[in-house]
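Small disclaimer: the values here were computed from a predicted structure and weren't measured. Just the heavy atoms: all of them, side chains too, but no hydrogens, waters or symmetry mates, feed the values below.
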Amino acid sequence: MVTSNNRREIVIIGGGVIGCCSAYYLTRHPSYDPSRHSITVLEASEIAGGASGKAGGLLAEWAYPGNIVGLSYKLHIELAKEHNGKDRWGYREVNCGQLMMKGRPFGEKASGVEDVDLQKRSAGALSKLKSAGVPKDLDWFVPDLLRAYESMSGPGETAQVHPYLFTTSIAKLAEEKGAKILYGGVTDIDYSEGTAKSVTYTEKETGESKTIPATDVIVSAGPWTRSVLPKVPISATRAHSVVVRPTRPVSEYCLFTELEIPDESKRGRPIVAAPEIYARPDETVYCCGDGDRTVPLPKTTADVEVDPERIEDIVKQVGSISDELRDGEIRARQACYLPNVTALQGGPLVGLTDAKGLYVAAGHSCWGIQNAPGTGKVMSEFVFDGKAKSAKIGSLDPRNYM
(Lines give C-alpha, C1' and ligand atoms only; values in the text may rest on other atoms or scores of the structure.)
Protein backbone atom coordinates (compact mmCIF):
# COMPACT_ATOMS: atom_id res chain seq x y z
CA MET A 1 0.00 0.00 0.00
CA VAL A 2 1.39 3.39 -0.97
CA THR A 3 1.86 6.05 1.71
CA SER A 4 2.16 9.73 0.96
CA ASN A 5 5.97 9.82 1.20
CA ASN A 6 6.83 6.65 -0.72
CA ARG A 7 9.01 6.88 -3.81
CA ARG A 8 8.13 4.15 -6.31
CA GLU A 9 10.22 2.92 -9.23
CA ILE A 10 7.80 0.76 -11.25
CA VAL A 11 9.25 -1.36 -14.06
CA ILE A 12 7.03 -3.25 -16.50
CA ILE A 13 8.76 -6.01 -18.47
CA GLY A 14 7.13 -6.42 -21.88
CA GLY A 15 5.72 -3.88 -24.32
CA GLY A 16 2.76 -5.94 -25.45
CA VAL A 17 -0.86 -5.13 -24.79
CA ILE A 18 -0.75 -6.30 -21.14
CA GLY A 19 2.31 -4.23 -20.29
CA CYS A 20 1.00 -1.16 -22.11
CA CYS A 21 -2.41 -1.38 -20.44
CA SER A 22 -0.70 -1.78 -17.08
CA ALA A 23 1.31 1.39 -17.75
CA TYR A 24 -1.84 3.21 -18.86
CA TYR A 25 -3.86 2.37 -15.76
CA LEU A 26 -0.93 3.03 -13.42
CA THR A 27 -0.79 6.58 -14.83
CA ARG A 28 -4.54 6.93 -14.25
CA HIS A 29 -4.61 5.59 -10.70
CA PRO A 30 -5.71 8.18 -8.10
CA SER A 31 -2.48 7.63 -6.13
CA TYR A 32 -0.18 8.18 -9.11
CA ASP A 33 2.08 11.19 -8.73
CA PRO A 34 4.67 11.65 -11.51
CA SER A 35 6.89 13.64 -9.15
CA ARG A 36 7.27 10.58 -6.90
CA HIS A 37 6.41 7.62 -9.12
CA SER A 38 8.49 6.44 -12.08
CA ILE A 39 6.88 4.04 -14.58
CA THR A 40 9.16 2.36 -17.14
CA VAL A 41 8.17 -0.16 -19.81
CA LEU A 42 11.10 -2.36 -20.87
CA GLU A 43 10.58 -3.90 -24.31
CA ALA A 44 13.10 -6.14 -26.08
CA SER A 45 12.21 -5.30 -29.69
CA GLU A 46 9.18 -3.08 -30.40
CA ILE A 47 5.83 -2.15 -28.90
CA ALA A 48 3.19 -4.64 -30.07
CA GLY A 49 5.82 -6.64 -31.93
CA GLY A 50 4.30 -10.00 -31.07
CA ALA A 51 0.74 -11.27 -30.68
CA SER A 52 -0.34 -7.83 -29.47
CA GLY A 53 0.19 -6.55 -33.00
CA LYS A 54 -0.69 -9.66 -34.97
CA ALA A 55 -3.76 -11.09 -33.22
CA GLY A 56 -7.35 -10.91 -34.45
CA GLY A 57 -8.69 -8.36 -32.00
CA LEU A 58 -12.03 -9.98 -31.16
CA LEU A 59 -13.70 -8.82 -27.93
CA ALA A 60 -16.45 -10.97 -26.44
CA GLU A 61 -18.48 -10.99 -23.25
CA TRP A 62 -18.38 -14.81 -23.37
CA ALA A 63 -14.59 -14.99 -23.42
CA TYR A 64 -12.63 -16.49 -20.52
CA PRO A 65 -11.77 -16.39 -17.66
CA GLY A 66 -15.10 -15.00 -16.58
CA ASN A 67 -13.77 -13.23 -13.47
CA ILE A 68 -11.97 -10.61 -15.55
CA VAL A 69 -13.84 -10.62 -18.87
CA GLY A 70 -16.76 -8.44 -17.81
CA LEU A 71 -14.51 -5.75 -16.34
CA SER A 72 -12.25 -5.76 -19.37
CA TYR A 73 -15.09 -5.65 -21.92
CA LYS A 74 -16.57 -2.65 -20.12
CA LEU A 75 -13.20 -0.90 -20.00
CA HIS A 76 -12.77 -1.36 -23.75
CA ILE A 77 -16.03 0.53 -24.23
CA GLU A 78 -14.90 3.28 -21.87
CA LEU A 79 -11.47 3.60 -23.51
CA ALA A 80 -13.02 3.88 -26.97
CA LYS A 81 -15.38 6.62 -25.80
CA GLU A 82 -12.70 8.61 -23.98
CA HIS A 83 -10.00 8.41 -26.64
CA ASN A 84 -11.97 8.14 -29.91
CA GLY A 85 -11.14 4.47 -30.27
CA LYS A 86 -13.46 4.20 -33.27
CA ASP A 87 -11.05 6.22 -35.39
CA ARG A 88 -7.86 5.65 -33.45
CA TRP A 89 -7.84 1.85 -33.15
CA GLY A 90 -10.90 0.61 -35.07
CA TYR A 91 -13.18 -0.14 -32.13
CA ARG A 92 -16.66 -1.21 -33.18
CA GLU A 93 -19.34 -3.70 -32.29
CA VAL A 94 -19.47 -6.65 -34.68
CA ASN A 95 -21.58 -9.68 -35.46
CA CYS A 96 -20.00 -12.98 -34.53
CA GLY A 97 -20.96 -16.39 -35.81
CA GLN A 98 -19.97 -19.89 -36.76
CA LEU A 99 -19.93 -20.62 -40.48
CA MET A 100 -20.01 -24.22 -41.72
CA MET A 101 -19.20 -24.70 -45.39
CA LYS A 102 -17.94 -27.08 -48.04
CA GLY A 103 -14.91 -25.58 -49.71
CA ARG A 104 -13.65 -25.88 -53.23
CA PRO A 105 -10.64 -28.17 -53.88
CA PHE A 106 -7.23 -26.56 -53.60
CA GLY A 107 -4.72 -29.41 -53.72
CA GLU A 108 -2.91 -31.37 -51.06
CA LYS A 109 -2.44 -29.75 -47.65
CA ALA A 110 1.14 -28.53 -47.47
CA SER A 111 1.87 -29.16 -43.81
CA GLY A 112 1.98 -32.67 -42.40
CA VAL A 113 2.57 -31.75 -38.76
CA GLU A 114 0.02 -31.82 -35.99
CA ASP A 115 -2.07 -28.69 -35.54
CA VAL A 116 -2.97 -27.17 -32.20
CA ASP A 117 -6.47 -25.85 -31.60
CA LEU A 118 -6.22 -22.24 -30.40
CA GLN A 119 -9.34 -22.91 -28.30
CA LYS A 120 -11.20 -19.63 -28.68
CA ARG A 121 -14.43 -21.60 -28.82
CA SER A 122 -14.67 -22.49 -25.17
CA ALA A 123 -17.58 -24.43 -23.71
CA GLY A 124 -19.07 -21.13 -22.63
CA ALA A 125 -18.81 -19.74 -26.14
CA LEU A 126 -20.35 -22.82 -27.69
CA SER A 127 -23.24 -22.62 -25.25
CA LYS A 128 -23.99 -19.18 -26.67
CA LEU A 129 -24.52 -20.48 -30.17
CA LYS A 130 -27.99 -19.58 -31.36
CA SER A 131 -29.67 -21.26 -34.23
CA ALA A 132 -30.26 -18.72 -37.00
CA GLY A 133 -30.55 -18.37 -40.74
CA VAL A 134 -27.81 -16.73 -42.77
CA PRO A 135 -27.97 -12.93 -42.36
CA LYS A 136 -28.64 -11.06 -45.58
CA ASP A 137 -25.49 -8.97 -45.30
CA LEU A 138 -23.23 -12.01 -44.93
CA ASP A 139 -22.90 -12.13 -48.69
CA TRP A 140 -19.17 -12.55 -49.25
CA PHE A 141 -19.11 -16.34 -49.32
CA VAL A 142 -20.12 -18.69 -52.14
CA PRO A 143 -23.78 -19.43 -51.29
CA ASP A 144 -23.86 -22.88 -52.87
CA LEU A 145 -21.15 -24.05 -50.48
CA LEU A 146 -22.96 -23.04 -47.30
CA ARG A 147 -24.07 -25.76 -44.90
CA ALA A 148 -25.09 -23.78 -41.81
CA TYR A 149 -24.65 -20.53 -39.94
CA GLU A 150 -25.09 -20.01 -36.21
CA SER A 151 -24.92 -16.69 -34.41
CA MET A 152 -22.58 -16.61 -31.42
CA SER A 153 -23.60 -13.26 -29.95
CA GLY A 154 -26.51 -11.03 -29.17
CA PRO A 155 -26.53 -7.25 -29.60
CA GLY A 156 -23.53 -5.64 -27.91
CA GLU A 157 -21.91 -8.93 -26.86
CA THR A 158 -19.01 -8.86 -29.34
CA ALA A 159 -16.78 -6.08 -30.62
CA GLN A 160 -13.32 -5.68 -32.10
CA VAL A 161 -10.23 -3.53 -32.16
CA HIS A 162 -7.18 -3.43 -34.41
CA PRO A 163 -4.60 -4.98 -32.02
CA TYR A 164 -1.54 -3.09 -33.24
CA LEU A 165 -3.31 0.27 -33.28
CA PHE A 166 -4.89 -0.36 -29.89
CA THR A 167 -1.63 -1.40 -28.22
CA THR A 168 0.49 1.40 -29.67
CA SER A 169 -2.20 3.98 -28.90
CA ILE A 170 -2.48 2.87 -25.28
CA ALA A 171 1.33 3.01 -25.00
CA LYS A 172 1.31 6.57 -26.34
CA LEU A 173 -1.44 7.60 -23.91
CA ALA A 174 0.62 6.17 -21.03
CA GLU A 175 3.68 8.10 -22.23
CA GLU A 176 1.67 11.32 -22.31
CA LYS A 177 1.02 10.89 -18.57
CA GLY A 178 4.65 10.23 -17.69
CA ALA A 179 5.45 6.59 -18.48
CA LYS A 180 8.78 5.91 -20.22
CA ILE A 181 9.58 3.21 -22.78
CA LEU A 182 13.07 1.72 -22.92
CA TYR A 183 14.26 -0.89 -25.40
CA GLY A 184 16.35 -3.80 -24.24
CA GLY A 185 16.23 -7.45 -23.28
CA VAL A 186 15.95 -8.19 -19.57
CA THR A 187 18.73 -10.42 -18.23
CA ASP A 188 18.01 -10.36 -14.49
CA ILE A 189 15.50 -9.28 -11.87
CA ASP A 190 17.03 -8.78 -8.44
CA TYR A 191 14.52 -9.75 -5.79
CA SER A 192 16.98 -11.10 -3.28
CA GLU A 193 15.81 -11.21 0.32
CA GLY A 194 12.27 -11.48 -1.02
CA THR A 195 11.95 -7.89 -2.24
CA ALA A 196 12.18 -6.38 -5.72
CA LYS A 197 15.29 -4.20 -5.97
CA SER A 198 16.35 -3.75 -9.60
CA VAL A 199 16.12 -4.92 -13.21
CA THR A 200 19.15 -5.50 -15.43
CA TYR A 201 18.82 -5.38 -19.22
CA THR A 202 20.91 -5.27 -22.38
CA GLU A 203 20.24 -2.04 -24.22
CA LYS A 204 18.94 -2.71 -27.73
CA GLU A 205 20.97 -0.06 -29.58
CA THR A 206 24.33 -0.26 -27.80
CA GLY A 207 24.38 -3.79 -26.39
CA GLU A 208 25.43 -2.33 -23.04
CA SER A 209 24.26 -3.90 -19.81
CA LYS A 210 22.35 -1.49 -17.62
CA THR A 211 20.63 -1.79 -14.27
CA ILE A 212 17.74 0.36 -13.10
CA PRO A 213 16.29 0.46 -9.58
CA ALA A 214 12.84 -1.05 -9.06
CA THR A 215 10.53 -1.08 -6.07
CA ASP A 216 7.84 -2.80 -8.18
CA VAL A 217 8.33 -5.13 -11.16
CA ILE A 218 5.43 -6.33 -13.33
CA VAL A 219 6.44 -9.22 -15.58
CA SER A 220 4.11 -9.14 -18.58
CA ALA A 221 6.34 -10.69 -21.22
CA GLY A 222 3.74 -13.06 -22.66
CA PRO A 223 5.35 -16.33 -23.82
CA TRP A 224 8.76 -14.88 -22.89
CA THR A 225 7.81 -14.62 -19.20
CA ARG A 226 9.70 -17.83 -18.38
CA SER A 227 12.93 -16.30 -19.69
CA VAL A 228 12.97 -13.96 -16.68
CA LEU A 229 10.88 -16.04 -14.23
CA PRO A 230 11.66 -19.70 -15.02
CA LYS A 231 9.20 -21.08 -12.45
CA VAL A 232 6.17 -19.57 -14.18
CA PRO A 233 4.30 -22.38 -16.05
CA ILE A 234 3.81 -20.64 -19.39
CA SER A 235 4.39 -22.25 -22.78
CA ALA A 236 4.20 -20.86 -26.31
CA THR A 237 2.03 -21.71 -29.32
CA ARG A 238 2.80 -20.23 -32.73
CA ALA A 239 -0.10 -18.85 -34.77
CA HIS A 240 0.01 -17.79 -38.42
CA SER A 241 -2.27 -15.25 -40.07
CA VAL A 242 -2.78 -13.25 -43.22
CA VAL A 243 -4.41 -9.87 -43.79
CA VAL A 244 -6.32 -9.62 -47.05
CA ARG A 245 -7.84 -6.62 -48.77
CA PRO A 246 -10.89 -8.21 -50.45
CA THR A 247 -12.07 -7.26 -53.91
CA ARG A 248 -14.87 -5.20 -52.33
CA PRO A 249 -15.79 -3.98 -48.83
CA VAL A 250 -17.45 -6.70 -46.76
CA SER A 251 -19.90 -6.66 -43.86
CA GLU A 252 -18.98 -6.52 -40.18
CA TYR A 253 -18.52 -10.13 -39.06
CA CYS A 254 -16.02 -12.08 -37.02
CA LEU A 255 -16.41 -15.70 -38.05
CA PHE A 256 -15.32 -19.07 -36.75
CA THR A 257 -15.47 -21.58 -39.57
CA GLU A 258 -15.72 -25.32 -40.05
CA LEU A 259 -14.73 -26.29 -43.57
CA GLU A 260 -14.68 -29.56 -45.46
CA ILE A 261 -12.62 -29.15 -48.60
CA PRO A 262 -12.39 -31.96 -51.20
CA ASP A 263 -8.87 -33.05 -51.97
CA GLU A 264 -8.37 -35.32 -54.98
CA SER A 265 -4.79 -36.11 -53.97
CA LYS A 266 -6.20 -37.84 -50.88
CA ARG A 267 -8.66 -39.96 -52.92
CA GLY A 268 -11.64 -37.84 -52.07
CA ARG A 269 -11.11 -37.63 -48.34
CA PRO A 270 -11.93 -34.05 -47.32
CA ILE A 271 -9.52 -31.69 -45.63
CA VAL A 272 -11.04 -30.34 -42.45
CA ALA A 273 -10.02 -26.79 -41.57
CA ALA A 274 -11.19 -24.12 -39.16
CA PRO A 275 -9.73 -20.72 -40.06
CA GLU A 276 -11.01 -17.66 -38.22
CA ILE A 277 -12.05 -14.76 -40.45
CA TYR A 278 -12.48 -11.22 -39.09
CA ALA A 279 -13.60 -8.30 -41.25
CA ARG A 280 -12.02 -5.04 -40.10
CA PRO A 281 -13.18 -1.43 -40.43
CA ASP A 282 -10.12 -0.51 -42.53
CA GLU A 283 -11.60 -2.68 -45.33
CA THR A 284 -9.21 -5.56 -44.72
CA VAL A 285 -9.96 -9.08 -43.50
CA TYR A 286 -7.81 -10.88 -40.93
CA CYS A 287 -7.58 -14.68 -41.34
CA CYS A 288 -5.75 -17.07 -39.02
CA GLY A 289 -5.27 -20.82 -38.92
CA ASP A 290 -4.50 -23.46 -36.30
CA GLY A 291 -1.52 -23.11 -34.01
CA ASP A 292 1.63 -25.23 -33.94
CA ARG A 293 4.57 -25.96 -31.68
CA THR A 294 7.04 -27.08 -34.32
CA VAL A 295 9.47 -24.16 -33.88
CA PRO A 296 10.65 -23.25 -30.37
CA LEU A 297 10.09 -19.75 -29.03
CA PRO A 298 12.82 -17.48 -30.44
CA LYS A 299 14.76 -14.86 -28.48
CA THR A 300 12.48 -11.91 -29.35
CA THR A 301 9.41 -11.06 -31.41
CA ALA A 302 11.73 -9.81 -34.15
CA ASP A 303 13.05 -13.36 -34.62
CA VAL A 304 9.73 -15.15 -35.19
CA GLU A 305 9.80 -17.45 -38.24
CA VAL A 306 6.93 -17.33 -40.73
CA ASP A 307 6.23 -20.68 -42.40
CA PRO A 308 5.26 -20.03 -46.06
CA GLU A 309 3.42 -23.35 -46.30
CA ARG A 310 1.19 -22.56 -43.35
CA ILE A 311 0.48 -19.14 -44.79
CA GLU A 312 -0.46 -20.75 -48.11
CA ASP A 313 -2.78 -23.15 -46.30
CA ILE A 314 -4.72 -20.24 -44.81
CA VAL A 315 -4.88 -18.41 -48.14
CA LYS A 316 -6.22 -21.50 -49.90
CA GLN A 317 -8.69 -22.35 -47.15
CA VAL A 318 -10.39 -18.96 -47.06
CA GLY A 319 -10.18 -18.67 -50.83
CA SER A 320 -11.99 -21.98 -51.17
CA ILE A 321 -15.20 -20.42 -49.77
CA SER A 322 -14.98 -16.76 -50.83
CA ASP A 323 -14.21 -15.17 -54.19
CA GLU A 324 -13.71 -11.83 -52.47
CA LEU A 325 -10.91 -13.28 -50.36
CA ARG A 326 -9.49 -15.59 -53.05
CA ASP A 327 -9.06 -12.70 -55.49
CA GLY A 328 -8.10 -10.09 -52.90
CA GLU A 329 -4.70 -8.54 -52.20
CA ILE A 330 -2.64 -10.08 -49.41
CA ARG A 331 -1.37 -7.23 -47.25
CA ALA A 332 0.44 -9.22 -44.56
CA ARG A 333 1.83 -12.72 -44.01
CA GLN A 334 2.75 -13.06 -40.36
CA ALA A 335 3.16 -15.25 -37.27
CA CYS A 336 3.30 -14.73 -33.53
CA TYR A 337 3.42 -16.76 -30.32
CA LEU A 338 0.57 -17.02 -27.84
CA PRO A 339 1.28 -17.56 -24.10
CA ASN A 340 -0.50 -20.52 -22.52
CA VAL A 341 -0.54 -21.43 -18.83
CA THR A 342 0.36 -25.11 -18.67
CA ALA A 343 -1.05 -25.77 -15.19
CA LEU A 344 -4.30 -27.73 -14.98
CA GLN A 345 -6.29 -24.74 -13.77
CA GLY A 346 -5.38 -22.71 -16.83
CA GLY A 347 -4.71 -19.00 -16.82
CA PRO A 348 -3.87 -16.24 -17.08
CA LEU A 349 -1.67 -15.50 -14.07
CA VAL A 350 -2.43 -12.06 -12.67
CA GLY A 351 -1.20 -10.69 -9.35
CA LEU A 352 1.39 -10.90 -6.61
CA THR A 353 4.22 -13.37 -6.18
CA ASP A 354 5.90 -14.42 -2.93
CA ALA A 355 8.47 -11.65 -3.39
CA LYS A 356 7.42 -8.17 -2.28
CA GLY A 357 7.00 -5.84 -5.25
CA LEU A 358 7.18 -8.62 -7.87
CA TYR A 359 4.05 -9.27 -9.93
CA VAL A 360 3.06 -11.43 -12.89
CA ALA A 361 0.53 -10.54 -15.59
CA ALA A 362 0.90 -13.14 -18.34
CA GLY A 363 -0.51 -16.29 -19.92
CA HIS A 364 -3.61 -14.79 -21.56
CA SER A 365 -3.61 -17.22 -24.49
CA CYS A 366 -5.84 -16.03 -27.37
CA TRP A 367 -7.71 -13.50 -25.19
CA GLY A 368 -4.87 -11.07 -24.47
CA ILE A 369 -6.40 -8.16 -26.36
CA GLN A 370 -9.82 -8.79 -24.83
CA ASN A 371 -8.54 -9.03 -21.25
CA ALA A 372 -5.74 -6.46 -21.33
CA PRO A 373 -7.63 -3.43 -19.96
CA GLY A 374 -9.03 -5.43 -17.03
CA THR A 375 -5.59 -6.87 -16.34
CA GLY A 376 -3.94 -3.46 -16.50
CA LYS A 377 -6.57 -2.01 -14.19
CA VAL A 378 -6.09 -4.63 -11.47
CA MET A 379 -2.30 -4.46 -11.81
CA SER A 380 -2.45 -0.74 -11.03
CA GLU A 381 -4.48 -1.64 -7.95
CA PHE A 382 -1.98 -4.29 -6.83
CA VAL A 383 0.82 -1.73 -7.04
CA PHE A 384 -0.93 1.24 -5.44
CA ASP A 385 -3.56 -0.44 -3.22
CA GLY A 386 -1.91 -3.75 -2.40
CA LYS A 387 -4.79 -5.82 -3.82
CA ALA A 388 -7.18 -6.10 -6.75
CA LYS A 389 -10.33 -4.05 -6.12
CA SER A 390 -12.15 -4.05 -9.47
CA ALA A 391 -12.48 -7.82 -9.89
CA LYS A 392 -12.29 -11.01 -7.80
CA ILE A 393 -9.35 -12.79 -9.36
CA GLY A 394 -8.12 -15.09 -6.60
CA SER A 395 -8.18 -18.04 -9.01
CA LEU A 396 -5.57 -16.26 -11.17
CA ASP A 397 -3.10 -15.78 -8.31
CA PRO A 398 0.43 -16.61 -9.57
CA ARG A 399 1.31 -17.96 -6.12
CA ASN A 400 -0.91 -20.94 -6.85
CA TYR A 401 1.60 -22.00 -9.52
CA MET A 402 5.06 -20.72 -8.51
Side-chain angles (χ1 to χ4, degrees), residues 14 16-21 48-70 72-73 76 94 96-98 115-129 152-153 157-164 166-167 220-225 233-243 254-258 273-278 280 285-293 297 301 304 310 314 334-343 345-350 361-376 396:
V17 70
I18 306 299
C20 291
C21 280
S52 298
K54 299 178 176 68
L58 175 65
L59 315 176
E61 286 192 325
W62 42 256
Y64 58 85
N67 53 0
I68 203 168
V69 165
S72 206
Y73 194 86
H76 268 293
V94 291
C96 182
Q98 182 168 265
D115 292 331
V116 181
D117 185 356
L118 296 183
Q119 297 182 335
K120 267 208 185 79
R121 282 172 283 183
S122 65
L126 290 171
S127 70
K128 295 287 291 183
L129 289 174
M152 293 179 67
S153 65
E157 291 182 343
T158 46
Q160 70 179 156
V161 296
H162 188 295
Y164 180 81
F166 176 71
T167 305
S220 55
W224 284 272
T225 295
I234 291 178
S235 63
T237 300
R238 187 174 60 165
H240 283 80
S241 59
V242 298
V243 179
C254 289
L255 299 167
F256 298 91
T257 71
E258 291 185 5
E276 297 172 20
I277 302 173
Y278 301 164
R280 287 178 166 171
V285 178
Y286 171 92
C287 310
C288 71
D290 286 324
D292 73 89
R293 298 191 181 103
L297 185 71
T301 60
V304 174
R310 286 188 171 270
I314 299 169
Q334 57 195 14
C336 61
Y337 282 81
L338 303 178
N340 302 301
V341 174
T342 54
Q345 295 92 331
L349 308 183
V350 180
H364 290 71
S365 186
C366 56
W367 290 115
I369 302 296
Q370 150 66 40
N371 290 329
T375 301
L396 310 182

Got [X] and [Y] here, is their nearest side-chain heavy-atom distance under 4.5 Å?
X	Y	value
V285	I277	yes
R280	V243	yes
K54	P163	no
V242	Q334	no
Y73	W62	no
V17	P373	no
L396	P65	yes
I68	T375	yes

key: Pair V341-H364, side-chain contact (heavy atoms from CB on, under 4.5 Å): steps then yes or no   = CA-CA 8 Å; V341 174; H364 290 71; over 6 Å; no
ask   = Do side-chain atoms of S72 reach the backbone of V69 as a donor and acceptor pair under 3.5 angstrom?
value = no
ask   = Is there a donor-acceptor contact under 3.5 Å from the side chain of T342 to the main chain of P233?
value = yes
task = In sequence, state the C-alpha distance, the side-chain angles, and the governing distance for T257 and E276, and then conclude on side-chain contact (heavy atoms from CB on, under 4.5 Å).
result = CA-CA 6 Å; T257 71; E276 297 172 20; over 6 Å; no
Return the minimal non-hydrogen interatomic distance between [X] and [Y], and the atom names on each side.
X	Y	value
C336	G50	CB-C, 3.9 Å
V94	S153	O-OG, 4.4 Å
A273	P275	C-CD, 3.5 Å
I234	P223	CG2-CA, 4.2 Å
P348	A362	CB-O, 3.4 Å

Nearest 0.5 Å, what's the [atom1]-[atom2] distance between [X] and [Y]?
X	Y	atom1	atom2	result
L58	F256	CG	CZ	5.5 Å
S52	I18	OG	CD1	7.0 Å
N340	S365	CG	OG	4.5 Å
W224	T301	CH2	OG1	5.5 Å
E157	L59	CD	CG	13.0 Å
C21	N371	SG	CG	10.5 Å

key: Sequence-distant partners of H76, ring-ring contact (aromatic ring centres under 6.0 Å, His included), two or more places apart   = F166
ask   = Between Y64 and C366, is a side-chain contact (heavy atoms from CB on, under 4.5 Å) present by the stated rule, with each step listed?
value = CA-CA 10 Å; Y64 58 85; C366 56; 3.9 Å; yes
Residues forming a side-chain contact (heavy atoms from CB on, under 4.5 Å) with V304, sequence neighbours excluded = P298, A335, Y337
